[in-house]
Amino acid sequence: MAGTSRTLTLRFLAQPTDVNYGGKVHGGMVMKWIDQAGFAAAVGWSGKYCVTVAVGGIRFVAPVRISDLVTVVATLVRTGTSSMHFAVEVRARDPMGGESRLCTHCIIVFVALEGVEGKPVAVPPWTPTDDNDLRLAQYAEQVMTLSKGIEDIVEQVVPDAP
Ligand SMILES: CC(C)(COP(=O)(O)OP(=O)(O)OC[C@H]1O[C@@H](n2cnc3c(N)ncnc32)[C@H](O)[C@@H]1OP(=O)(O)O)[C@@H](O)C(=O)NCCC(=O)NCCS
């Protein structure tokens, strides 16, 4: 049911086909996982079709190794009118044991649409309840402000930019 599940987790093994030239998982694949987890969380929260509008604060902290057990957790940290902001963490560990390592984190923002080609539509609001929630919501807002600020700069050099 829309507006009920704030967190979504994907868990799978990093595959040999995900490899980069250095023998680890390539960054594009990690970004794909982040987008997939965010998408599933966004459509689940909104009950609508959603598109990615922005990714911010992305940091590749540590590599993911081929055959690692990967966990991608997307947590809703802020809602606007049509937008949902998710903090996403990608963690990995040897499936035979060992410590879980934080590999990548970011904020990814989705917009709910009224149909696949539709206009942005309102989503169920989410209200932060404790101090940690408030910190995460503020962090997402700061990332969005930075991202929109950069868009203003890009507009001056890329003629077709919104
Ligand atoms: C996402 C899209 C529908 C937004 O259309 P738009 O006309 O810009 O709509 P709006 O200006 O009303 O913005 C919609 C929301 O996006 C948010 N938004 C826009 N730019 C943003 C940014 N840089 N960071 C965070 N949120 C942003 C707005 O704040 C607004 O949120 P709100 O409704 O909660 O206030 C349109 O830009 C689009 O189709 N983009 C392509 C999406 C895509 O193809 N994604 C990749 C594949 S899924």
Side-chain angles (χ1 to χ4, degrees), residues 1-12 14-15 17-20 25-61 64 70-92 102-162:
M1 204 175 85
T4 53
S5 186
R6 182 192 172 199
T7 303
L8 184 129
T9 302
L10 302 180
R11 194 167 285 127
F12 49 85
Q15 300 189 357
T17 46
D18 301 336
V19 73
N20 67 14
V25 170
H26 67 83
M29 189 55 66
V30 176
M31 290 196 276
K32 179 179 163 184
W33 298 336
I34 289 169
D35 198 47
Q36 286 176 333
F39 176 78
V43 297
W45 180 264
S46 62
K48 303 284 181 187
Y49 179 70
C50 298
V51 288
T52 318
V53 66
V55 183
I58 189 159
R59 174 73 162 95
F60 295 91
V61 181
V64 179
V70 179
T71 304
V72 186
V73 181
T75 305
L76 184 65
V77 294
R78 182 179 185 274
T79 50
T81 302
S82 66
S83 64
M84 293 154 283
H85 304 227
F86 293 89
V88 181
E89 281 193 5
V90 180
R91 308 187 76 92
L102 175 65
C103 295
T104 308
H105 62 86
C106 71
I107 296 286
I108 186 164
V109 185
F110 285 82
V111 169
L113 301 182
E114 195 59 73
V116 174
E117 302 291 339
K119 292 198 178 318
V121 62
V123 299
W126 180 77
T127 312
T129 49
D130 59 27
D131 284 353
N132 193 45
D133 287 348
L134 281 167
R135 261 197 306 276
L136 286 168
Q138 256 172 12
Y139 170 52
E141 198 161 340
Q142 284 169 337
V143 169
M144 178 178 68
T145 304
L146 286 172
S147 165
K148 286 188 172 178
I150 288 166
E151 280 176 16
D152 292 341
I153 295 169
V154 170
E155 208 177 320
Q156 294 164 24
V157 288
V158 183
D160 293 339

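Residues: numbered from 1 along the sequence shown. Read the numbers this way: they start at 1 and go in the same order the structure lists the ligands and their atoms.
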Worksheet item: What is the minimum heavy-atom distance between Asp18 and Met29, and which atoms define it?
Response: OD1-CE, 3.4 Å
Could you pull out every donor-acceptor pair under 3.5 Å between side chains of residues 115-127 and any protein atom, sequence neighbours left out?
none

Worksheet item: Phe110 and Trp45: aromatic ring centres closer than 6.0 Å?
Response: no
Discussion item. Can you list everything that forms a side-chain contact (heavy atoms from CB on, under 4.5 Å) with Glu155? Sequence neighbours excluded, please.
Written reply: Asp152
Fill in: Donor-acceptor contact present, side-chain Thr145 to main-chain Glu141, <3.5 Å
yes
Could you tell me, for ligand 1, which of its N or O atoms are under 3.5 Å from any protein N or O, listing the pairs and their distances rounded to 0.1 Å?
from: ligand 1; atom 1: 23 (N); to: Ser147; atom 2: OG; distance (Å): 2.8
from: ligand 1; atom 1: 23 (N); to: Glu151; atom 2: OE2; distance (Å): 2.8
from: ligand 1; atom 1: 29 (O); to: Lys148; atom 2: NZ; distance (Å): 2.8
from: ligand 1; atom 1: 31 (O); to: Ser83; atom 2: OG; distance (Å): 3.4
from: ligand 1; atom 1: 33 (O); to: Ser82; atom 2: N; distance (Å): 2.9
from: ligand 1; atom 1: 33 (O); to: Ser82; atom 2: OG; distance (Å): 2.7
from: ligand 1; atom 1: 34 (O); to: Thr81; atom 2: N; distance (Å): 2.6
from: ligand 1; atom 1: 34 (O); to: Ser82; atom 2: N; distance (Å): 3.1
from: ligand 1; atom 1: 34 (O); to: Ser83; atom 2: N; distance (Å): 3.1
from: ligand 1; atom 1: 34 (O); to: Ser83; atom 2: OG; distance (Å): 2.6
from: ligand 1; atom 1: 45 (N); to: Thr52; atom 2: O; distance (Å): 2.9

Item to complete: Go through the structure and list residues passing side-chain contact (heavy atoms from CB on, under 4.5 Å) with Leu136, not counting sequence neighbours.
Response: Val77, Asn132
